[in-house]
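To find a chain, count down the sequence lines: A is the first, B the second, and so on, and within it residues start at 1. Since we're looking at a predicted model, the values are computed, not measured. FYI, side chains are in, hydrogens and waters are out, and symmetry mates aren't considered; it's all heavy atoms of this structure.
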There are 2 protein chains.
Amino acid sequence: MDAFSPLQPGELEFIEKYRSDMVDLPAGAQIIPEHRTSARLFTLYAGWAFRYKTLTDGRRQILNFLLPGDFIGLQEEFADGATPGVEAVTPVRLCVFARDGLWPLFREYPSLGYDITWLAAREEQWVDHHLVTAGRRNAMERVAMLLIHLYRRAERVGMAQDGAVPFPFNQQHIADALGLSLVHTNKTLRRLQAHGLHSLVDGRLRLLAPRSLERMADYFERPLRRSPLI
Amino acid sequence: MDAFSPLQPGELEFIEKYRSDMVDLPAGAQIIPEHRTSARLFTLYAGWAFRYKTLTDGRRQILNFLLPGDFIGLQEEFADGATPGVEAVTPVRLCVFARDGLWPLFREYPSLGYDITWLAAREEQWVDHHLVTAGRRNAMERVAMLLIHLYRRAERVGMAQDGAVPFPFNQQHIADALGLSLVHTNKTLRRLQAHGLHSLVDGRLRLLAPRSLERMADYFERPLRRSPLI
DNA sequence: CGGTAGATTGAGAGTCCTCAAGCTCTGTGG
DNA sequence: CCACAGAGCTTGAGGACTCTCAATCTACCG
């Protein structure tokens, strides 16, 4: 697919060997439970998921969203403290890798190690992005930002059809990603919709006025680059 | 130093070869200007800095803080869009590496590539951490969290003396890191101080009631691990 | 036909923001 | 030696944005 870089000779074979399994999980499943380090790494092959952290009183913050092609569980390898959880939003299919195969991968195929670093850096960029949103944008701007962000990412991996992408999240997900309350998220969403900026019907998102949304959100990302795939 | 892992034979020599220069910059200098990709990578050798992004109307969000040992500029290598800026808080000393030496490093010393991935993952953890703070904690909790976080990190690299660490930031820095206004940051800081939880005198931070601060901030990080150094 | 998850709406309260002014400290120049 | 300017800190007041509480509504399912 156009979204991903081609692999070098030998790399695919190594990945196949490294991959220990293929797993399907239902919507809502904990791919990696919070605070628990998993002995496995994953590549999300199909479906949607998100990384999150919760405070002891239950407040939850979604750190970023995971789409097909995203690598899961790298942070846990190097974690100092509490590790985030990873939860499936839709049914997901995962490629499973043994965690202790990570170092051999770097050693034998440095190019794949480099790719993993790329993926880690890209993921951090998205968290950076969300931190700016949560820290310095108001509710209207936050929601606009998230809608554009998710649309573009879904589009990038070929999910767009007729100007719409799947949108499997409920309003609680949006609220937890943006640092807003559920109620205020709802009101903001309705307000944007009333302005004719987007539509959200039958689990599909359509940006009706992308330029207005971008202006409102102060969105300034360039087109997403082709990324490596492990 | 105890905070960093020992290097393997050969690694140090390679790093020395890879390093192209050593640079000193004054407080306030832009180590990497925002939106500009630098042809160089850095390791912060001495001093304090931070990564940040700004919106077009000037609102600024500090993404994380950089202390000695931190690697700078990796995200830019893989950036899709606008890259964050990096600014010195105090005078800093930097080890400079050519960006195009990164791939040879992975190829010739996979162990160092692995270390860089470690550093990237650790940095993302901190951004995760700050995102939870900005998204789901109130002002009191945010400030408490930041004070503990910076204290622990400074302590980890040997900056603690007599129960105090250097604190070179002004209240605008704190506000921009936490997603608060300057005024509210000030009031919150004073309130914490009035409760006897911390002291901030002559640019030195002291946690007077670390347990209370941790409880207030819902802090649950374990001791920081030894980290690799490039 | 209840039961549940999710969406929606209104009302009141509270946190946090903006505006504005004054204060302290430091460095500079007359 | 003192006036002055600038950066950073502090405080008060009013208002705006966002939150919590509570109730209603819809869609879907067994």
Side-chain angles (χ1 to χ4, degrees), chain A residues 26-29 48 55 57-62 87-90 133-147 166-195 198-205 216-217, chain B residues 26-28 48 55 57-62 87-90 133-147 167-195 198-205 216-217:
Chain A
W48 299 68
L55 301 183
D57 66 0
R59 283 175 284 180
R60 181 175 74 167
Q61 177 67 42
I62 290 181
E87 183 177 318
V89 179
T90 63
T133 298
R136 286 301 183 203
R137 282 187 241 253
N138 65 31
M140 209 77 153
E141 297 166 341
R142 290 187 210 190
V143 174
M145 182 90 247
L146 189 64
L147 295 178
F167 194 87
F169 306 103
N170 62 30
Q171 298 187 350
Q172 188 66 60
H173 289 125
I174 302 177
D176 288 344
L178 298 177
L180 295 172
S181 71
L182 175 60
V183 173
H184 201 62
T185 298
N186 175 286
K187 289 174 180 172
T188 307
L189 224 27
R190 308 244 72 235
R191 201 131 55 102
L192 282 182
Q193 202 168 49
H195 284 255
H198 77 283
S199 88
L200 201 39
V201 188
D202 293 335
R204 295 187 69 78
L205 168 66
M216 171 176 292
Chain B
W48 300 67
L55 301 183
D57 66 359
R59 283 175 282 179
R60 182 175 74 168
Q61 177 67 41
I62 290 181
E87 181 177 319
V89 179
T90 63
T133 298
R136 286 301 183 203
R137 283 186 240 254
N138 64 31
M140 210 78 153
E141 296 166 341
R142 291 187 208 189
V143 174
M145 181 47 101
L146 189 63
L147 295 178
F167 194 88
F169 306 103
N170 61 31
Q171 298 186 350
Q172 188 66 61
H173 289 125
I174 303 177
D176 287 344
L178 297 177
L180 295 172
S181 71
L182 175 61
V183 173
H184 201 61
T185 299
N186 175 285
K187 289 174 180 171
T188 307
L189 224 28
R190 308 243 72 235
R191 199 131 56 100
L192 281 181
Q193 202 169 49
H195 284 253
H198 77 284
S199 89
L200 200 40
V201 188
D202 292 336
R204 296 187 68 78
L205 168 65
M216 171 176 292

key: Pairing residues for A/H198 by the ring-ring contact (aromatic ring centres under 6.0 Å, His included) criterion, not counting sequence neighbours   =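 ring-ring contact (aromatic ring centres under 6.0 Å, His included) list for A/H198, sorted by chain: empty.
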task = Using ring-ring contact (aromatic ring centres under 6.0 Å, His included) as the criterion, list what pairs up with B/H184, not counting sequence neighbours.
result =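 Residues passing ring-ring contact (aromatic ring centres under 6.0 Å, His included) with B/H184: none at all.
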key: Sequence-distant partners of A/A177, side chain to side chain contact (heavy atoms under 4.5 Å, CB included), two or more places apart   = A/I62, A/F65, A/L146
message = Holding to side chain to side chain contact (heavy atoms under 4.5 Å, CB included), I want the full list of residues that pass it with A/A134, two or more places apart in sequence or in another chain.
response = B/L131
Contacts of [X] that satisfy side chain to side chain donor-acceptor pair (under 3.5 Å) - sequence neighbours left out:
X	result
A/N170	A/H173
B/R137	B/T133
B/D57	B/R59
B/R190	B/Q193

ask   = Where along nucleotides 13-30 of chain D does protein come under 4.0 Å, by heavy atom, of base (B) or sugar-phosphate alone (S), with - for untouched nucleotides?
value = B----BSBB---------
task = For residues B/A144 and B/M216, report the shortest heavy-atom separation together with the two atoms involved.
result =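 Heavy-atom minimum between the residues: CB-SD, 4.0 Å.
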message = Need two values: the first and the last nucleotide of DNA chain C, 5' to 3', having an atom under 4.0 Å from any heavy-atom of chain A.
response =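 Using the under 4.0 Å cut-off, the span is C/dG6 to C/dA11.
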task = Ignoring backbone atoms, test whether B/N170 places a side-chain nitrogen or oxygen under 4.0 Å from the OP1 or OP2 oxygen of D/dG8.
result =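 Yes, B/N170 has a side-chain N/O under 4.0 Å of OP1/OP2 on D/dG8.
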message = So, OP1 or OP2 of D/dT11: does either fall under 4.0 Å of a side-chain N or O from B/R190?
response =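 B/R190 to D/dT11 OP1/OP2: side-chain N or O found under 4.0 Å.
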note = CG of A/L200 to CG of A/L147, rounded to nearest 0.5 Å, is 7.0 Å
inquiry  = Dot-bracket, 5' to 3', for DNA chain C please: Watson-Crick or G-U pairs under 3.5 Å, [ ] where pairs cross earlier ones, | where the partner sits on another strand, dots elsewhere.
reply    = ||||||||||||||||||||||||||||||
request  = Please state how far atom CG in B/L200 lies from atom P in D/dG8, giving the value in whole angstrom units.
outcome  =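 From B/L200 CG to D/dG8 P: 15 Å.
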